[in-house]
> 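Here it is: the structure, laid out below.
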Amino acid sequence: PDGATDDNLGKGGVALSSDGLVLAATAYRDDDMGQNSGSILVWQRQNLTTPVSGVTPVKLTDPDGATDDSLGMGGVTLSADGLVLAAGAPLESIGGIAGAGSVLVWQRESLSTALNTVTPVKLVHPDGATDDNLGKGGVALSSDGLVLAATAYRDDDMGQNSGSILVWQRQNLTTPVSGVTPVKLT
C-alpha cells in the first residue's frame with residue numbers, strides 16, 4: 001500500500017494458503033520501523049472470484065522493529081489454512097547480541113481476524129550468538145501450523161558458520177509457540 005524505492009517486495013519470497021485466499025509477501029527493506037527494518041504484506045480475499053488485485057493488503061511489522069532487522073529477508077511461511085504466519089528478522093540484535101536474529105509468529109483463531117491486529121510472538125535462538133542470523137536461510141511451517149523450522153546458517157556450534165536448524169513443535173494450536181523449547185539440529 002505504501003511501496004517505495006528499494007523495499008524489495010517479494011525478494012524474500014511469497015507464501016499462499018492452500019485455498020488461495022491468503023497471500024503473503026516480504027518487503028525486507030521496507031523502512032516503517034527504521035531503515036531496512038522490513039515488513040510482510042498480506043492480501044486476503046473472501047472467495048476466489050474476488051481478484052487479488054482488488055484487495056488492499058495489510059502490513060505486518062515487528063512492534064520492536066529497528067533499523068536493519070530485515071524482517072522477511074529469509075522468506076515468509078503460512079499454514080495451509082492461513083491462520084499462522086511466520087517470518088524471520090535475521091539481522092535483529094537480541095539482548096545486545098548483534099545479528100542473532102529472530103522469528104516472528106502471527107497466529108489468529110479465524111480468518112475474520114485481520115493479521116495486523118494480532119501481536120506477533122518473537123522466537124529467538126536459546127543460545128544465539130553474534131551473527132547467527134536466525135531465519136535468514138528460511139522459515140517453514142507445517143500445513144497445520146504445529147511445527148516451525150528456521151535456519152541459523154551462521155551458527156558456530158560445529159565450526160565457524162557450520163549452521164543449525166531450530167525446530168519448534170507443539171501438540172496443538174492452543175499451546176503458545178513461545179512456550180516450546182526448540183530442538184536444534186546441526
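As the structure is a computational prediction, the values presented were derived from the model and not from experiment.
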> Report yes if some heavy atom in the side chain of V76 is under 4.5 Å from a heavy atom in the side chain of V14; otherwise report no.
no
> Give the minimum heavy-atom separation between H125 and A152, together with the two atoms involved.
CD2-CB, 3.9 Å
> Do S70 and L91 come within less than 4.5 Å of each other through their side chains, counting heavy atoms only?
yes
> What donor-acceptor contacts under 3.5 angstrom involve side-chain atoms of residues 33-41, with partners at least two apart or in another chain?
unit_1	atom_1	unit_2	atom_2	d
N36	OD1	R29	NE	3.4
N36	ND2	D68	OD1	3.4
S37	OG	D30	O	3.3
S37	OG	M33	N	3.0
S37	OG	G34	O	2.9
S39	OG	D30	OD2	2.7

> I need the D32 CG to L60 CG distance, nearest 0.5 Å.
11.0 Å
> As an exercise, state the distance from CG of L134 to CD1 of I94, rounded to the nearest 0.5 Å.
8.5 Å
> Identify the two heavy atoms, one from S102 and one from V124, that lie closest to each other, and give their separation to 0.1 Å.
CB-CG1, 4.2 Å
> Can you see which heavy atom on M73 is nearest to which on Y28, and at what distance?
N-CB, 3.4 Å
> Of the non-hydrogen atoms in V103 and G135, which two are nearest, and what is the gap between them?
CG2-CA, 4.5 Å
> Show your reasoning for whether side chain to side chain contact (heavy atoms under 4.5 Å, CB included) applies to L123 and W168.
CA-CA 9 Å; L123 304 176; W168 289 264; 3.8 Å; yes
> Let me see the working for V55 and S53 under side chain to side chain contact (heavy atoms under 4.5 Å, CB included), right down to the final yes or no.
CA-CA 6 Å; V55 176; S53 60; over 6 Å; no
> Would you mind reporting whether L141 and L85 have side-chain heavy atoms less than 4.5 Å apart?
no
> Could you go through the side chain to side chain contact (heavy atoms under 4.5 Å, CB included) check for D81 and L83 one step at a time?
CA-CA 6 Å; D81 57 13; L83 297 180; 3.4 Å; yes
> Examine distances only and state if a side-chain atom of S79 and a backbone atom of G145 form a donor-acceptor pair shorter than 3.5 Å.
no
> Just wondering, do V177 and Q107 contact through their side chains at under 4.5 Å, heavy atoms?
no
> With rounding to the nearest 0.5 angstrom, report the CG to CG distance, L48 to D19.
7.0 Å
> Could you grab the distance from atom CD of Q169 to atom CG of L146, nearest 0.5 Å is fine?
8.0 Å
> Taking the side chain as C-beta and beyond, is there a heavy-atom pair between W106 and V84 under 4.5 Å?
no
> Looking at S93 and G99, what are the two nearest heavy atoms and their distance?
OG-N, 3.7 Å
> Are S18 and S143 side-chain neighbours, meaning at least one heavy-atom pair lies under 4.5 Å?
no
> Applying side chain to side chain contact (heavy atoms under 4.5 Å, CB included) to L23 and V42, what does each step give before you reach the verdict?
CA-CA 6 Å; L23 170 69; V42 180; over 6 Å; no
> Report yes or no: does N172 contribute a side-chain atom to a donor-acceptor pair with the main-chain N or O of T174 at less than 3.5 Å?
yes
> State, yes or no, whether a side-chain contact exists between K59 and N116 at a heavy-atom distance under 4.5 Å.
no
> So, does T77 use its side chain to make a donor-acceptor pair with the main chain of A140 at under 3.5 Å?
no
> Using modelled atom types and a 3.5 Å cut-off, is there a donor and acceptor pairing between side-chain atoms of N133 and backbone atoms of P90?
yes
